[in-house]
There are 2 protein chains.
Amino acid sequence: MAADDQPPPTGPRAEEEWLAAYDPRAYTPVAVTVDVVALTLRHGGLHVLLVERGAPPYQGCWALPGGFLRAGEESLDEAAARELAEETGLQSASEAETRLCRLHLEQLGTYGTPERDPRMHVVSVAYLAFAPDLPDPQAGTDAAAAAWHPVSDLDLRPCGRSRTAGVPADTHGGGVDGRTGPGPLTLAFDHARILADGLDRVRAKLEYSPLATAFLPYDFTIPDLRAVYEAVWDEKLHPGNFHRKVLSVPGFVESTGTTTERGGARGGPRARTYHAGDARLLHPALLRPAREGTADDDAADSTADDAGSR
Amino acid sequence: MAADDQPPPTGPRAEEEWLAAYDPRAYTPVAVTVDVVALTLRHGGLHVLLVERGAPPYQGCWALPGGFLRAGEESLDEAAARELAEETGLQSASEAETRLCRLHLEQLGTYGTPERDPRMHVVSVAYLAFAPDLPDPQAGTDAAAAAWHPVSDLDLRPCGRSRTAGVPADTHGGGVDGRTGPGPLTLAFDHARILADGLDRVRAKLEYSPLATAFLPYDFTIPDLRAVYEAVWDEKLHPGNFHRKVLSVPGFVESTGTTTERGGARGGPRARTYHAGDARLLHPALLRPAREGTADDDAADSTADDAGSR
DNA sequence: GTAATAGTGTCTTTAAGACAATATAAA
DNA sequence: TTTATATTGTCTTAAAGACACTATTAC
C-alpha cells in the first residue's frame, strides 16, 4: 500500500480514522531526511564527506551530510543529489555538471528507530555515492564545516555506545583535510552504523559490478583501477593476476589505444589507458581474497540493496 | 544528519527555521508507510501476498500489504513485522510464534517520488519476507481480502503505464487462492516495481546466501531445496550437480542422520533430511546458470540493500 | 515389472592464484 | 646503472557443468 488503512493511532478501523489519512497533520508526525555516504579516493585512501554539527544534539560532532526531504517537491534520489551538491559546494551548474556528472548515487538503506534522534521520530533514507577525487568542500554554504575524512580515522564500532550527546570528541580542530585528528572520530546519531553499512556495500559491490571505475576519471589505467580495489578492500592484490583478470571480463574496460604520458612515479613503463566498458555486471566476478578469520561472520543482510544479479 | 539544518521550506538558515524543526507540523507533511513483499512457495510455485483495496485510489486493485509507521512507537522493522502478522491473520501469539518464527524479513528499499500516491507525498519503506508455506490469510482482520497470488500471474512491466486509477483489472472475483484469474493482474501504485525489485533481490540472494532454507520447514531434503531454487529462478537445475554442490558448501546444510518416511510421489528412494547450517554466506556461491539473452541488461543497482559480501 | 528419482563417480572446461620472466621508464 | 613497475606466460588447483551409473521406491 502507499497510504491508507489504519492511520498511526492504534485502534479499530473506523470511518473517521480513514478520513484522517487525508490530513496527516492530525496525528504524530514523522520527519523524513536523506543522508549521504559520499566516498572518494584521495592520496590513495578512502575518504568520506562529513559535516561538523553546529547545534545540539551532538554539537561539534561530525555527521553525514543530509537534510529534510522537500515534501511534494522532490523524490528521494533528487533530494540526495541536491544535498550532495550543496554540501560539496559544487553548486554552480557548470561545476556540478563537470564534477558530479560521473557520480554514482544509489540508495543504501533506511533507518527509522524512534530513538535515533532525541528530538522526534526521524526516518532517514541513506544514499551511497562514489566519485572521482573531488575538491575540498566549500564552507559557508550549509554546515559549520565540511571535510573529507579518511575512513580509517573513524570509529565505526557497532553503535554510539555512549550516547553522551554533544560531547565534541576532543578533535575539534582536526583541520579541513581531516587528517590531523588525534584519535578515532565518533559520529553523531547512528551515522557510524550507516557508514559501516555503506562500506560493506561498496566492498561487496566492487566484486560483481564495474563501479570501481566511478572512483576514477574517464580515462584510467589498470594499475589505477587496482589502486581503487586495494583502497576499498584494504588488501594488496597481485598486479599480474589482477591485470589479466580485468581484461578477461567482457565489458569491464575498453582500450583507448594510447598510454599515459609518463611512467609510474617510481619508474616502470607507461601504462595503457582504458575507460569503462558497457557491462553493468561483472561476469565472472572479481572475488575478494578469502579472509581466514572473517569466514562467515560478515553481515549477510543488514539493511538495504542490491538487486544486482550477476 | 538525522533532523536539523534547513527544514523543507527553502531559504537561508535562520534561527526561527532552526527552531521550527522541533515542530514539524508547521510544514508540509510526509507520510511514512511500510509495505511488505511476502513470498512463499505453494504447490511448487512462487507466490506473493496481496490485499485487495477497498477504497480509492486503485479501489478493487490488488496491492502489497502495508500500513503507516506508528510514529514514536516502533521501528521500521517492527512495523513491517506487525503489518505482516496482521495481514496474514497470524495474530494470535501462539500461531505467530509457530508460523512466523522461521520468517526471514529484510529491508528492500524505499520509494518516495512525490506523485506515487495521488493524495499526498508518501514515502514507503519496502520489506522483503520469505516464509515456509503459510496458510491462506484470514479475512476480516484488515483489508477487504488478502490472498496468495502466483507471481507468474502478475503484470510486472516497468510501470503502471496506464495510471487509470481505480480500474479493477476485470479480475475481481479471482478467488481466494488467486489462481483462477483471467489475465495478468496489475498492481496498485508503484507496487509492480517494488515487487519486481523484490524478485530481483531474492533471485540474487539465493546465490550467495543460504536463505533458500527460509522457504522450507526446519527439516528438508536436498531435492526440496532444489525445488526452491528452481521455483525462484524459474530454471531447471541438474539434480546430481546441485546435490553435490550443496553438500560441498561448508555450513549450508547439516545432516539429521535420517531420511524421509516415503520416497518421492512418483517413485524413487527415500531422501536424507537436513536442516540449515550456521553459514550466513555461501562460499563458494551457487551461481545461477548464465542466461544467454540476459547477459548484461540486468539491474545492477535499482534501489536498496545487501551489505552481503560474497 | 516400469518409471521416476536419490545419490555418486568421472571427465572436460573454465577460472583463480602462485610464480616467473621480460620490457620499459624514473632516478 | 639501479630500482620499480607494466604486462605476459606458465603451471597448479578448485570449481562448474555434462554425462553416466547404481540403487531404491511408487504404482
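Chain A is the first sequence line, chain B the second, and so forth, proteins listed ahead of strands; every chain is numbered from 1.
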Of all the choices, C:dA6, D:dG9, D:dT7, which nucleotide is nearest to the side chain of B:P223 once you look at every atom? C:dA6
With each end axis built from five pairs of C1' atoms, what bend angle do you get for the helix from C:dG1-D:dC27 to C:dA27-D:dT1? Round to 10°. 20°
Students often get this wrong, so: under 4.0 angstrom with heavy atoms, is A:G263 touching a base, only sugar-phosphate, or nothing? sugar-phosphate
Between D:dA16 atom C1' and B:Y208 atom OH, what is the distance in whole Å? 21 Å
To the nearest Å, how far apart are A:K236 NZ and D:dT5 C1'? 13 Å
In whole angstroms, how far is the C1' atom of D:dA15 from the CG atom of B:L282? 14 Å
Listed once per pair and sorted, the side chain to side chain donor-acceptor pair (under 3.5 Å) pairs that draw on residues 235-247 of chain A, sequence neighbours left out: A:N241-A:R244
Within the structure shown, what part of the strands sits under 4.0 Å from B:R244 by heavy-atom distance: base, sugar-phosphate, or nothing? base
Residue pair A:G264/A:L247 against DNA chain D: nearer the 5' end by closest nucleotide is A:G264
Applying a 4.0 Å non-hydrogen cut-off, can you work out what B:P239 is touching in the nucleic acid: base, sugar-phosphate, or nothing? nothing
Nucleotide nearest B:R266 (side chain, heavy atoms from C-beta), chosen from C:dA18, C:dA4, C:dA16: C:dA4
Out of C:dG7, D:dC19, C:dT5, minimum distance to the side chain of B:N241 belongs to D:dC19
Whole-Å distance between D:dA14 C1' and A:L287 CG? 12 Å
Could you work out which one of D:dT24, D:dA6, C:dT8 sits closest to the side chain of B:H243? C:dT8
Quick one: does any side-chain atom of A:H191 pair with a main-chain N or O of A:L64 as donor and acceptor, under 3.5 Å? yes
Atom CG of A:L237 to atom C1' of D:dA6: distance rounded to whole Å? 16 Å
Heavy atoms of B:I222 and B:L247 approach each other most closely as CD1-CD2, 4.0 Å
Expressed in angstrom and rounded to an integer, what is the separation of A:F242 atom CZ from D:dT8 atom C1'? 16 Å
Whole angstrom is fine here: how far is it from CZ in B:R272 over to C1' in D:dT24? 12 Å
Separation of D:dA6 atom C1' from A:D224 atom CG, nearest Å, is 12 Å
Between D:dC27, C:dG7, C:dG9, which one does the side chain of B:R262 approach most closely? D:dC27
Of the candidates C:dA6, C:dG9, C:dA16, the side chain of A:K245 sits closest to C:dA16
With sequence neighbours left out, what residues match A:H275 under ring-ring contact (aromatic ring centres under 6.0 Å, His included)? A:Y218
With heavy atoms under 4.0 Å as the rule, sort B:G240 into base, sugar-phosphate or nothing. base
Please answer whether the main-chain N or O of A:L206 pairs with a side-chain N or O of A:Y229 as donor and acceptor at a distance below 3.5 Å. yes
Ranking B:P284 and B:R270 by the position along DNA chain D of their nearest nucleotide, the one closer to 5' is B:P284
Just compare D:dA20, C:dA16, D:dT8 and give me whichever is closest to any side-chain atom of B:H238. D:dA20
Could you tell me whether B:D197 and B:R193 have a side-chain N and a carboxylate O separated by less than 4.0 Å? yes
Please answer whether the main-chain N or O of B:S209 pairs with a side-chain N or O of B:R280 as donor and acceptor at a distance below 3.5 Å. no
Counting N and O atoms only, with roles assigned by atom type, does the side chain of A:T40 sit under 3.5 Å from a partner on the main chain of A:P132, one being a donor and the other an acceptor? yes
